[in-house]
Amino acid sequence: RDAVSIHVERRAMHGSLWCLPEPGVSWFVLLLSGSLALKDQEHAPQISVGDGLWLQPEANAPRLMLEGFGEALWLKIERR
């Protein structure tokens, strides 16, 4: 039970968003309104309202860029 910490935030999105790789951190994003897409990803799906996106960047991976408009629920899941 103490092995994981979860921080929940409802966030408005207005353009480009960056997801920086952090050791032991994953993200779950639930789109509440608007649209969300992974930028610079050749075969990335378009995320629609009600869809969820699991982001698990690797430690030395480049930052992940998202393009979003609307509102989403962001869950930051961190291993302790």
Side-chain angles (χ1 to χ4, degrees):
R1 177 167 126 186
D2 292 331
V4 175
S5 157
I6 299 176
H7 176 76
V8 179
E9 184 178 321
R10 191 172 184 155
R11 190 182 297 176
M13 302 176 298
H14 304 282
S16 296
L17 305 155
W18 298 99
C19 184
L20 302 174
E22 297 177 64
V25 174
S26 299
W27 294 86
F28 181 77
V29 183
L30 178 65
L31 188 61
L32 302 174
S33 67
S35 64
L36 180 65
L38 293 166
K39 290 196 66 149
D40 303 326
Q41 300 287 325
E42 194 174 321
H43 301 290
Q46 181 73 22
I47 311 302
S48 301
V49 174
D51 287 347
L53 181 63
W54 180 258
L55 303 172
Q56 193 169 16
E58 295 179 15
N60 294 318
R63 58 189 175 190
L64 184 61
M65 190 165 145
L66 306 169
E67 186 76 21
F69 297 94
E71 192 171 27
L73 191 64
W74 290 72
L75 285 77
K76 181 178 183 179
I77 301 117
E78 187 170 8
R79 287 180 300 207
R80 295 185 182 182

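Taking CG of L64 as the reference point, atom CH2 of W27 lies at 12.0 Å (rounded to 0.5 Å). Here the NZ-OG distance, from K76 to S5, works out to 8.0 Å after rounding to the nearest 0.5 Å. Atom CD in E71 sits 10.5 Å away from atom CG in L30 (nearest 0.5 Å). Rounding to the nearest 0.5 angstrom, the gap separating the CG atom in L75 from the CZ atom in F28 is 7.5 Å. How far CG of L38 is from CG of L17: 11.0 Å, rounded to the nearest 0.5 Å. Between the OG atom of S35 and the CD atom of Q46 there is a distance of 5.5 Å, given to the nearest 0.5 Å.
Remark: side-chain polar atoms of S26 are not paired, donor with acceptor, to backbone N or O of I77 under 3.5 angstrom.
Looking at L55, V29, V25 one by one, the single match for side chain to side chain contact (heavy atoms under 4.5 Å, CB included) with C19 turns out to be L55.
There is a path of hydrophobic side-chain contacts, each under 4.5 Å, that joins W54 to V8. At a threshold of 4.5 Å between side-chain heavy atoms, the hydrophobic network of Ile, Leu, Val, Met, Phe, Trp and Tyr places L53 and W74 in one connected group. Hydrophobic clustering of Ile, Leu, Val, Met, Phe, Trp and Tyr side chains at less than 4.5 Å, counting indirect connections, unites I6 with L73.
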Query - Pair L32-R10, side-chain contact (heavy atoms from CB on, under 4.5 Å): steps then yes or no - result: CA-CA 9 Å; L32 302 174; R10 191 172 184 155; 3.6 Å; yes
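With sequence neighbours left out, E9 forms a side chain to side chain donor-acceptor pair (under 3.5 Å) with R11.
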